[in-house]
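Step one of this worksheet: look at the structure below.
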2 protein chains.
Amino acid sequence: MSGQRKRLVMKFGGTSVANLDRIRRAAKRVGVEVAKGYDVIVIVSAMSGKTNELVGWVNEISPLHDAREYDAVVSSGENITAGLMALVLQEMDVPARSWQGWQVPVMTTSAHSSARIEEIPTENLATKFDEGMKVAIVAGFQGISPEGRITTLGRGGSDTTAVAFAAAFDAERCDIYTDVDGVYTTDPRITKKARKLDRIAFEEMLELASLGAKVLQTRSVELAMRYKVKLRVLSSFEEQSDDAGTLVCDEEDIMESNVVAGVAYSRDEAKMTLVSVADRPGIASAIFGPLADAGVNVDMIVQNISEEGRTDMTFSCPVDQVLKAERAMQEAREVGSINFHDLIADTEVAKVSVVGIGMRSHAGVASKMFKALSDENVNIKVITTSEIKVSVLIDRKYMELAVQALHDTFELEKA
Amino acid sequence: MSGQRKRLVMKFGGTSVANLDRIRRAAKRVGVEVAKGYDVIVIVSAMSGKTNELVGWVNEISPLHDAREYDAVVSSGENITAGLMALVLQEMDVPARSWQGWQVPVMTTSAHSSARIEEIPTENLATKFDEGMKVAIVAGFQGISPEGRITTLGRGGSDTTAVAFAAAFDAERCDIYTDVDGVYTTDPRITKKARKLDRIAFEEMLELASLGAKVLQTRSVELAMRYKVKLRVLSSFEEQSDDAGTLVCDEEDIMESNVVAGVAYSRDEAKMTLVSVADRPGIASAIFGPLADAGVNVDMIVQNISEEGRTDMTFSCPVDQVLKAERAMQEAREVGSINFHDLIADTEVAKVSVVGIGMRSHAGVASKMFKALSDENVNIKVITTSEIKVSVLIDRKYMELAVQALHDTFELEKA
C-alpha cells in the first residue's frame, strides 16, 4: 500500500508558526496540498523566539552546559508547534497527528547539539498513512541518539530534518516555507535590481548558503543534492501558485541560466596576516592545526611567494574569532611550533562572491569581476576561486558598492 | 548494587520552579539530601503558568480537541523544567540527569489527559544510579501509552507521579514541596486559629483532599495509602528542618490525635431536588445513570421517605454542572425513563465537613457538629456521613461562619 500515493514534505520555519493565526495559515496551505492528493509530512520549527528563550535559560544556568540536557530543553519548542498544528488540521477535518523525533524515530549520532541524522525508518509513519492519516507533523531539529537521549541538529536544523524526510519517504518535493519568497540574485536590501530566481542549481545554492545567504541551512542543501531532493523555497505569507518561490534542483533540470547566478556577501570578516613565517614543509599544518583546535573557522588562505626562506601567510575568519585566533597563534609561538615576526589583523573587511555553474564553461568571469571592482576603485585584498565561484576580500565600507557593481556587470536583473 | 543506598523522592510544584532563581533554590534543597547520602528522584512540574498557557492555546484551537495531541502539547512544560534542573545540579557538581516520561518509561493507560500509571520499570534509573548518578530529575504529570504516545495524568498529576516513583523505588519518603508549609486544620484564610498539623493519617488526608483542600491531588493520596508511602508536604520557600511540614502517614504512625483532624469546605456547590419521583425499584439508577453519562459529579444523595408511592430525590453537584444536570434530567423525562413533577436547583449552597479518624472510636461528633451550627442559627440542608467524616450542605453565606464555629467547637487550635 505505502509508496503508492504521492508524498510531499512541507517545512514551516519559526516565523511561519509564530502564533496561532500563523499556524492556522500554514495549516491551510497544508490542506491545499492534501486536497491535491498528497500524503504530507510537515516539519515544524518552534514558534519564533521560543528556542532563543530556552537557549537563554540554559546559558544563564551554565555557559559550559551538558549538551545532552541542552538538547532535552531546547527541543521542546518544536513539540509544542507540532501538537498545535495537528490540532488545527484535525479541526479542519484533515486526519493528522504529531510526531516527536523519538517517535518516528529520527535516528541520529550522539553528537549532542550538532547531531547528524543517520536513518529515518519509514515504517511507523507509513503504517499510519496506510491507515488513513493524511498529514504527519514532525517536530523538526530533533532526533534520538543510540543511547535513547534526545539530540538536536544545530541551529537551522529543521531544514535538514525536512530534506531527510523527503529523501527517506521519496517525496515528490520538499517545500521550505519561510519569510522570504525565494532565492534572489543578491540581497534585495542592497540593490532593488535583485531578482528572484525561478530555479537555482544545488551547487549554486550550496555556495550561496555557505557564503552567507541565510535562506537555507548549508547541510540541508548538501543532503538535498546528495539525494536529489527537489527543494522549493517560498513564502508562507503570500498566496501561492504552483510555481511560486525558487526551486533548488539538479542542474540538469535548469534549461538555461546566466553564467553567474548570484552575488553573495559576508559582512563581518577579518583578514589576518602572519608576517615572515619560516617557509618549511609542514608550516601550514603548524599554523592551521592550532587554529582549528581553537575553533577558528578559517575561510580563505593565501601564501605569498617565499623570500629568503620566509613567507607571509594570510587567512580570513569571522571577525568575532580574531581574539581566539590571536591567542592560538601566540601560544603556538610560545611552544615553538611556529615562528613569525608579527601578526596583523584587519577587522574591517568583507567578502563578496559571484557564484554560477555557468562559470565552468565560460572563461573570463574572474577578470570581468576584477575589472568591475577596479572601475569602482575597490581594492582587492585576497582572492579565492572554486569551479563555480570567485570570492574577494575587500574593505567593508565598499561592500555594498561592490555588490551593486557586480550585479550590474553580470546583468543579473535580466532572466 | 541497586537498592542498597537509601532513596528519596522530592517533588517540586509549579510555583517552586517558576523561574531560574526558584529552580536554583529547589536544587539546593536537593543537594542537601544528596549530602545526607540519598539517591534522589526529583519530580518536577512545569514552571507555573506554562501549562495554563499551553492549555489555553489548545482550547483556542479546538474546545473538542484530540486528547492525544493535547497531551503531546501540554506535557512539554515539565520537560523544560527537568532539563533546567539537571543543568543547575550539574553546575553544583551533583551528578544529575533529566528523564522524560517515555525514557523511564512511566507506563500508563491510554486514557489521554487522565491516564493512570500502570507500571514504572526501575531498571533504567537503577542502572544509572549504580553508575554514579545521584539525582534523576523526572518530568512529572506524563507517561507513555501502550501505543507509544505521550499521555498526561490530569491536573495535579505530578503529585501522583511522585508517589508512584516513591512506591516503585521503595523510597524512604516522598517530599512534596509546594507553596504552603503543610496541611492545616482548616484554611488559614478563614480562621487565624488554623493550626499546621505535624502528622495526618492517609484516610484523613484523602477526605480533606476530596473535600476541597487543594494541598495534594486525591489520587496521589490514594496511591500513597495503598503502597504505604510516607508523604511529607512542606514549603519550598522556607528553610527546612527535618521535621518541617506535615507528614501524611499510616494512622499507626500517629501516636495521639484529636478526634477531629480538620474542617474542610467546598464553596461552589448546588443542591438539586427532583420533586415527586415515582418510588420504584431501579429509580435511583434511572436518575443517576444519565447524570453520570452527562459527566455530572454527583456528591451527596438523599432520598426522602416515600408517600403514596412517590418520593423526593435530592443530590448535590458542583454549581457549574447544574445546566448539564438539568438537561440530563429533562431528557430522561422525555424518553420516559423517569417521571417527576419539578426540578428545583439551589445554587447558593456550600459544603462543610469535619474529618477525623478518631470519629471511629468516639461517638457524638455529628451531634456536637449539628449543635454548633444550630447555635449559630445555620440551617442544615443535607447531611452525609462516613466512618471518619460528617458533611453538611448549608447556605453559602454562612460557610465561613460555620467553619469558624466548628474549628472552635472541636478545639482544633490545640494540638
Side-chain angles (χ1 to χ4, degrees), chain A residues 19-21 23-24 27 46-47 50-51 53-54 56-93 95-100 102-105 124 128 137 139 144-145 147-150, chain B residues 19-21 23-24 27 46-47 50-51 53-54 56-93 95-100 102-105 124 128 137 139 144-145 147-150:
Chain A
N19 53 47
L20 292 191
D21 274 345
I23 291 175
R24 284 197 190 97
M47 292 168 157
K50 285 287 164 189
T51 302
E53 183 185 39
L54 298 170
W57 285 339
V58 170
N59 285 330
E60 193 181 329
I61 291 170
S62 168
L64 299 168
H65 48 256
D66 180 346
R68 294 166 298 190
E69 297 300 344
Y70 171 94
D71 283 357
V73 171
V74 303
S75 60
S76 60
E78 280 73 11
N79 294 343
I80 295 171
T81 325
L84 295 177
M85 174 81 85
L87 287 163
V88 171
L89 283 162
Q90 289 173 358
E91 191 68 11
M92 293 161 54
D93 285 327
R97 75 160 273 196
S98 71
W99 299 79
Q100 300 188 5
W102 60 273
Q103 290 176 313
V104 175
N124 287 347
K128 290 287 169 190
I137 304 101
I144 181 170
S145 74
E147 295 78 27
R149 301 203 65 170
I150 293 165
Chain B
N19 54 46
L20 292 190
D21 274 345
I23 292 175
R24 285 196 189 96
M47 292 169 158
K50 285 285 163 190
T51 302
E53 182 185 39
L54 297 171
W57 285 339
V58 170
N59 285 330
E60 194 182 328
I61 290 170
S62 167
L64 300 168
H65 47 255
D66 179 348
R68 294 168 297 189
E69 297 300 343
Y70 171 95
D71 284 357
V73 171
V74 304
S75 59
S76 61
E78 279 73 11
N79 294 344
I80 295 171
T81 326
L84 294 176
M85 175 81 87
L87 287 164
V88 170
L89 283 161
Q90 289 175 357
E91 191 68 11
M92 293 161 56
D93 285 327
R97 75 160 272 195
S98 71
W99 299 78
Q100 300 188 3
W102 59 273
Q103 290 177 313
V104 174
N124 286 348
K128 291 286 169 189
I137 304 103
I144 181 170
S145 74
E147 295 78 27
R149 300 202 65 168
I150 294 165

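A, B, ... follow the sequence lines: proteins, then strands. Residue 1 opens every chain.
The parts of Ile150(A) that come within reach of chain B are both its backbone and its side chain, each placing non-hydrogen atoms under 4.5 angstrom from that chain. Looking at Arg149(B), the atoms closer than 4.5 Å to chain A (heavy atoms on both sides) sit in the backbone and in the side chain alike. Using a 4.5 Å cut-off between heavy atoms, Glu60(A) contacts chain B through both its backbone and its side chain. Proximity to chain A (any heavy atom under 4.5 Å) is restricted, for Glu53(B), to the side chain, taken from C-beta onward. Of the two parts of Ile144(A), only the side chain, counted from C-beta on, holds a non-hydrogen atom closer than 4.5 Å to a non-hydrogen atom of chain B.
Annotation: the span from Leu87(A) atom CG to Glu69(B) atom CD amounts to 5.5 Å, rounded to 0.5 Å.
Contact count against chain A (heavy-atom pairs under 4.5 Å) is highest for Gln90(B) among Gln90(B), His65(B), Arg68(B). Put simply, of Ala96(A), Ala86(A), Ser62(A), the one with the most heavy-atom pairs under 4.5 Å next to chain B is Ser62(A). No other option in Leu64(B), Asp71(B), Leu84(B) has as many heavy-atom pairs under 4.5 Å with chain A as Leu84(B).
Of all heavy-atom pairs between Trp57(B) and Leu20(A), the closest is O-CD1, 3.8 Å.
Below 4.5 Å, heavy atoms of chain A meet heavy atoms from Ser76(B), Ile80(B), Gly83(B), all part of residues 75-83 of chain B.
Partners of Asp93(A) according to the salt bridge (Lys or Arg N to Asp or Glu O under 4.0 Å) rule, which considers only residues two or more places apart in sequence or in another chain, do not exist here.
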